[in-house]
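Counting convention: from 1, in listed order, for ligands and their atoms alike.
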Amino acid sequence: MFSARRLDGGAGVRREKVGRLVDYLRECSARGRAVDLGQAAFVTSFNLLSATFFSVDLIEFESDATQQLKETIEGVTKILGTPNVADFFPILKRLDPQRIKKRSEFYFGRLLGVLGGIIDGRMESRSMETKNDLLAALLHLMDGSEYDLTYKDIQHLFLDLFVGGSDSTQCIVEWAMTELLANPEKMSNAKNELRSVIGEKNQVEESDISRLPYLQALIKETLRLHIPGPFLVPRRAVREVEIGGYVIPQHSQIFVNAWAIGRDSSIWPNPTSFEPKRFLNNNIGFKGQDFELIPFGSGRRMCPGLPLADRMLSLMLGSMLHNFEWVMEGGVRPDTTEEFGMALHKAVPLKAIPLYCF
Ligand code: HEM
């Protein structure tokens with residue numbers, strides 16, 4: 001699904017979705033209106049995923065349904081990131097003291113309902129239309145006898161993909177723009193690079209990305225400083241193991257503090273300062289080989305969506321920076337407070353006014 005060949009085949013869908021983002025920002029620019037950048041990035045990444053998986057756009061830039069879906073996905077990631085005292089004191093399980101079970105049922109139920117509706121709709125219309133997307137491939141597998149794939153498996157696979165793919169991407173776009181608005185000289189560096197590489201054409205293409213080292217560095221720096229999944233996904237020790245002189249007992253639940261690794265002063269000079277140029281003269285990447293930067297995890301359970309996320313982030317940020325000047329609503333400095341959850345969101349959404357450059 002995320003192989004280079006498949007992704008190259010989906011480049012047109014991404015171009016179209018990012019084009020719609022630029023159109024929306026142009027409309028806001030013409031009206032002098034501030035944009036909720038997290039929301040705009042959420043809609044773009046969500047529709048990109050839904051177009052790739054289901055061949056439909058699910059949400060609009062400004063609608064109550066969008067707000068509700070965004071809240072639902074944020075609700076899910078918040079629950080996943082909340083340590084549950086009942087895991088440590090199982091006697092409390094039935095009492096559900098933090099209402100985690102209750103809230104999980106609500107948010108997961110709502111999202112599964114949306115996904116179930118799409119799957120049902122496709123199953124009803126299957127005899128009339130043929131589609132060449134992931135849902136069609138999975139329904140085909142469900143019909144066959146080779147794999148034991150159920151309706152529920154499909155519903156939950158899509159849940160993983162949407163929760164994993166939309167919130168994290170939105171977080172990084174919003175944090176990158178926040179840092180750039182707080183550091184105007186870095187905003188200029190990024191825009192100057194885009195201007196010299198892309199020139200007068202206003203569409204940033206995936207084929208341009210390899211010629212935009214500063215843009216790539218600023219994405220790495222945002223992933224280092226504002227990693228969306230601070231503890232990655234918890235692991236369990238299948239047997240007792242000794243690592244670095246520490247004994248990890250069998251069945252321990254293990255959290256990898258990738259947030260702290262990204263801010264470790266023995267690895268990163270001035271770790272809390274946003275400095276994209278620290279990635280310009282080295283080969284440190286985020287593909288799980290360089291353990292000082294593991295925003296997508298590492299090893300066999302690392303993020304499968306990395307190659308898609310990489311393209312989406314470069315396209316969205318590149319287009320937002322190349323096409324627009326940005327000013328903060330009310331001229332204030334952007335707020336950089338983090339809000340804890342499975343994904344580290346901004347506590348205060350970023351609202352900025354785009355000014356179309358072309
Ligand atoms: C900025 C973007 C993203 C970041 C930072 C990110 C990060 C992560 C991390 C840290 C993990 C856990 C890996 C581990 O513990 O070793 C993960 C898992 C996962 N990600 Fe992503 N992700 C991003 C985008 C995406 C996208 C675009 C998709 C799919 C469309 C996706 C789908 C998934 C799935 C399905 C898993 C669970 C894999 C498993 O349990 O084996 N992610 N992601």
*Asks:* Using a 3.5 Å cut-off on N or O atoms only, is R235 in polar contact with ligand 1?
*Replies:*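 N/O-N/O distance under 3.5 Å: yes.
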*Asks:* Just to be sure I read this right, does ligand 1 sit under 4.0 Å from the backbone of S45, its side chain, both, or neither, counting only heavy atoms?
*Replies:*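 S45 to ligand 1: no contact under 4.0 Å from either part.
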*Asks:* Indicate the ring-plane relationship of F279 and W268, choosing parallel, tilted or perpendicular according to the 30° and 60° boundaries.
*Replies:*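 Answer is tilted, since the angle falls between 30° and 60°.
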*Asks:* Can you list the ligand 1 atoms lying under 4.0 Å from a non-hydrogen atom of S298?
*Replies:*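 Under 4.0 Å from S298, ligand 1 has these atoms: 16 (O).
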*Asks:* Which of the atoms of ligand 1 are close to A309, meaning less than 4.0 Å from one of its heavy atoms?
*Replies:*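 With A309 as reference, the close atoms of ligand 1 come out as 2 (C), 24 (C).
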*Asks:* Quick one: nearest non-hydrogen protein atom to atom 33 (C) of ligand 1, plus distance?
*Replies:*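 Going atom by atom, the protein heavy atom closest to atom 33 (C) of ligand 1 ends up being P304 CD, 3.6 Å.
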*Asks:* So does A41 get a backbone contact from the side chain of S45, meaning a donor-acceptor N/O pair under 3.5 Å?
*Replies:*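 Yes; judged by distance alone, with no hydrogens or angles, the pair exists.
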*Asks:* Indicate, with yes or no, if L225 and L180 share a hydrophobic cluster defined by side-chain heavy-atom contacts under 4.5 Å among Ile, Leu, Val, Met, Phe, Trp and Tyr.
*Replies:*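 Shared cluster, yes.
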*Asks:* Are any side-chain N or O atoms of K346 and backbone N or O atoms of D335, one a donor and one an acceptor, separated by less than 3.5 Å?
*Replies:*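 Yes, the answer is positive, given that a donor and an acceptor are paired below the 3.5 Å cut-off.
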*Asks:* Flag the pair L49 / L161 as yes when at least one side-chain heavy-atom distance between them is below 4.5 Å, and no otherwise.
*Replies:*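 The answer is no, as the side chains (C-beta and beyond) never meet within the 4.5 Å cut-off.
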*Asks:* S168 near ligand 1, heavy-atom distance under 4.0 Å?
*Replies:*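 Yes, S168 has a heavy atom closer than 4.0 Å to ligand 1.
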*Asks:* Is the shortest distance from a Lys or Arg side-chain nitrogen in R20 or D57 to a carboxylate oxygen in the other one below 4.0 Å?
*Replies:*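 The answer is yes: the pair qualifies as a salt bridge.
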*Asks:* For ligand 1, does L49 get within less than 4.0 Å through its side chain, its backbone, both, or neither, judged by non-hydrogen atoms?
*Replies:*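 It is the side chain that gets close, since no backbone atom is under 4.0 Å.
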*Asks:* When you measure from atom 5 (C) of ligand 1 to each heavy atom in G165, P230, P295, which option holds the nearest one?
*Replies:*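 Result: the heavy atom closest to atom 5 (C) of ligand 1 is in P295.
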*Asks:* Would you say ligand 1 has an N or O under 3.5 Å from any N or O of T169?
*Replies:*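 No, there is no polar N/O contact under 3.5 Å.
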*Asks:* Linking I/L/V/M/F/W/Y whenever any side-chain heavy atoms sit under 4.5 Å apart, do F42 and F162 land together?
*Replies:*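 Hydrophobic grouping puts F42 with F162.
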*Asks:* If the cut-off is 4.0 Å to any non-hydrogen atom of R301, which atoms of ligand 1 fall inside it?
*Replies:*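 Going through ligand 1 atom by atom, the ones under 4.0 Å from R301 are 13 (C), 14 (C), 16 (O), 39 (C), 40 (O), 41 (O).
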*Asks:* Run the numbers for me: atoms of ligand 1, each under 4.0 Å from some heavy atom of F2, listed by number.
*Replies:*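 In order of number, 29 (C), 30 (C).
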*Asks:* How far is atom 42 (N) of ligand 1 from its nearest protein heavy atom, and which residue and atom is that?
*Replies:*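 Result: C303 SG, 3.0 Å.
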*Asks:* Would you indicate whether Q289, at its atom CD, is surrounded by more than 12 heavy atoms from other residues, nucleotides or ligands within a distance under 6.0 Å?
*Replies:*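 For Q289, atom CD is not crowded (no more than 12 foreign heavy atoms under 6.0 Å).
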*Asks:* Please identify which atoms of ligand 1 are closer than 4.0 Å to at least one heavy atom of P228.
*Replies:*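 In order of number, 5 (C).
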*Asks:* Considering only the protein, which heavy-atom contact is closest to atom 25 (C) of ligand 1, and what is its distance?
*Replies:*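 Looking only at protein heavy atoms, the one closest to atom 25 (C) of ligand 1 is G164 O, 3.4 Å.
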*Asks:* To the nearest 0.1 Å, how far is atom 6 (C) of ligand 1 from its closest protein heavy atom, and which atom is that?
*Replies:*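 Looking at atom 6 (C) of ligand 1, the protein heavy atom closest to it is F296 CD2, 3.6 Å.
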*Asks:* Relative to the ring of F158, is the ring of F53 parallel (under 30°), tilted (30 to 60°) or perpendicular (over 60°)?
*Replies:*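 Because their plane-to-plane angle lies in the 30° to 60° range, the rings of F53 and F158 count as tilted.
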*Asks:* What I want to know is whether V233 and ligand 1 share at least one N or O pair that is separated by under 3.5 angstrom.
*Replies:*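 Indeed, backbone or side chain, V233 has an N or O that close.
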*Asks:* Check whether V13 and F61 end up in the same hydrophobic cluster, where Ile, Leu, Val, Met, Phe, Trp and Tyr are linked by side-chain heavy atoms less than 4.5 Å apart.
*Replies:*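 In one cluster with V13: F61, no.
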